Amino acid sequence: LPSAASCLALDRFTARDRVVSVMRETDRDEALSQSGIRHVAIQNGRFVTAGAAGLHAYDPDRRAWKTLVAGAVTAVTESFDGRSVYAAVPGRVVAVRDARLATDWALTSSPIERILPTVSNGILALAQDRKSYRLPEGRAAQTIWAPSRSSADLRTVSSAVMLGSEALL
């Protein structure tokens with residue numbers, strides 16, 4: 001077994017400056033490392049991590065990690081209600097809910113740099129090549145902005161809302 005220093009651990013700090021172990025494993029997934037994790041969420045009592053090794057879910061009952069999506073995460077966010085994690089990996093954006101892959105959008109654009117949750121159904125994704133996509137849950141991706149339409153660079157957008165078929169950025 002690997003040494004405890006090389007295993008994944010999640011700790012919670014209490015108001016009394018105590019460290020409470022939430023999870024401390026003696027066995028690990030070789031692809032995971034604490035330094036490579038960009039985002040952690042708890043869904044349905046399970047940890048979901050997003051980072052350099054992709055998206056993984058931890059099952060505390062089985063004491064095992066499951067790879068949901070392989071590939072380095074380039075952007076990640078949660079829905080406003082915290083029930084969904086959205087992440088971009090090369091060639092796709094995925095939604096994870098209840099620690100399972102819920103929606104998978106294939107994109108041929110350059111890497112996604114930002115994902116913005118919306119108050120309506122789905123998210124907006126902003127790509128390195130300046131294309132922007134609306135990704136509604138359960139439906140195909142829709143290109144809402146392409147560089148050929150304007151010289152504007154939407155990669156600096158900080159929030160967005162979909163109003164029917166219109167995007168307010």
Side-chain angles (χ1 to χ4, degrees), residues 1-15 17-118 122-133 135 137 141 153-160:
L1 293 177
S3 70
S6 67
C7 293
L8 189 63
L10 294 172
D11 297 323
R12 181 173 51 89
F13 296 91
T14 69
D17 292 330
R18 287 189 34 216
V19 178
V20 177
S21 179
V22 177
M23 181 190 74
R24 191 163 304 281
E25 287 301 306
T26 57
D27 197 8
R28 67 183 175 114
D29 183 320
E30 289 298 321
L32 290 173
S33 74
Q34 286 174 260
S35 63
I37 293 176
R38 292 179 55 178
H39 187 84
V40 176
I42 298 176
Q43 295 182 345
N44 199 22
R46 297 166 194 247
F47 292 101
V48 175
T49 64
L55 285 107
H56 294 79
Y58 180 75
D59 183 341
D61 297 328
R62 294 180 46 221
R63 295 179 57 95
W65 286 98
K66 177 181 180 183
T67 300
L68 301 174
V69 177
V73 171
T74 60
V76 63
T77 194
E78 282 191 53
S79 58
F80 290 116
D81 63 8
R83 296 178 63 190
S84 297
V85 170
Y86 299 99
V89 296
R92 61 203 274 214
V93 175
V94 298
V96 176
R97 204 169 15 270
D98 292 328
R100 291 182 299 218
L101 194 60
T103 305
D104 192 342
W105 296 278
L107 297 176
T108 58
S109 189
S110 63
I112 299 298
E113 289 185 334
R114 297 191 61 202
I115 298 174
L116 302 170
T118 66
I123 57 172
L124 297 180
L126 308 176
Q128 207 172 54
D129 62 7
R130 295 179 32 218
K131 287 184 182 177
S132 299
Y133 300 93
L135 304 175
E137 291 282 341
D153 187 350
L154 300 184
R155 292 177 295 174
T156 60
V157 171
S158 61
S159 61

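FYI, side chains are in, hydrogens and waters are out, and symmetry mates aren't considered; it's all heavy atoms of this structure. All values reported here derive from a predicted model rather than from experimental measurement.
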Could you list all the salt bridge (Lys or Arg N to Asp or Glu O under 4.0 Å) pairs where at least one residue sits in residues 73-95, not counting sequence neighbours?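 As it turns out, the salt bridge (Lys or Arg N to Asp or Glu O under 4.0 Å) pairs with a partner in residues 73-95, which skip direct neighbours, are Arg92-Asp104.
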Any pair with a residue in residues 43-56 that passes salt bridge (Lys or Arg N to Asp or Glu O under 4.0 Å), sequence neighbours left out, goes on the list, sorted by first then second residue, please.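 The answer is Arg46-Asp59.
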Go through the structure and list residues passing side chain to side chain contact (heavy atoms under 4.5 Å, CB included) with Thr77, not counting sequence neighbours.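 Checked Thr77 against side chain to side chain contact (heavy atoms under 4.5 Å, CB included); matches are Tyr86, Ile115, Pro117.
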State the [atom1]-[atom2] distance between [X] and [Y], to the nearest 0.5 angstrom.
X: Ile112; Y: Trp105; atom1: CD1; atom2: CH2; result: 11.0 Å
X: Arg130; Y: Glu113; atom1: CZ; atom2: CD; result: 11.5 Å
X: Ile123; Y: Arg114; atom1: CD1; atom2: CZ; result: 12.5 Å
X: Leu135; Y: Thr103; atom1: CG; atom2: OG1; result: 9.5 Å
X: Arg97; Y: Asn44; atom1: CZ; atom2: CG; result: 12.0 Å

Whether [X] side chain and [Y] backbone form a donor-acceptor pair below 3.5 Å:
X: Arg100; Y: Ala57; value: no
X: Arg38; Y: Val76; value: no
X: Gln43; Y: Val96; value: yes

Residue pair Leu126, Leu116: steps toward the side chain to side chain contact (heavy atoms under 4.5 Å, CB included) verdict: CA-CA 8 Å; Leu126 308 176; Leu116 302 170; 4.1 Å; yes
According to the interplanar angle, ranging from 0 to 90°, do the rings of Trp65 and His56 count as parallel (below 30°), tilted (30 to 60°) or perpendicular (above 60°)?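 Perpendicular: the ring planes of Trp65 and His56 meet at over 60°.
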Do Thr118 and Leu124 come within less than 4.5 Å of each other through their side chains, counting heavy atoms only?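 Answer yes - side chains close enough.
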Any Tyr133 side-chain heavy atom under 4.5 Å of Val93 side chain: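 Not in contact.
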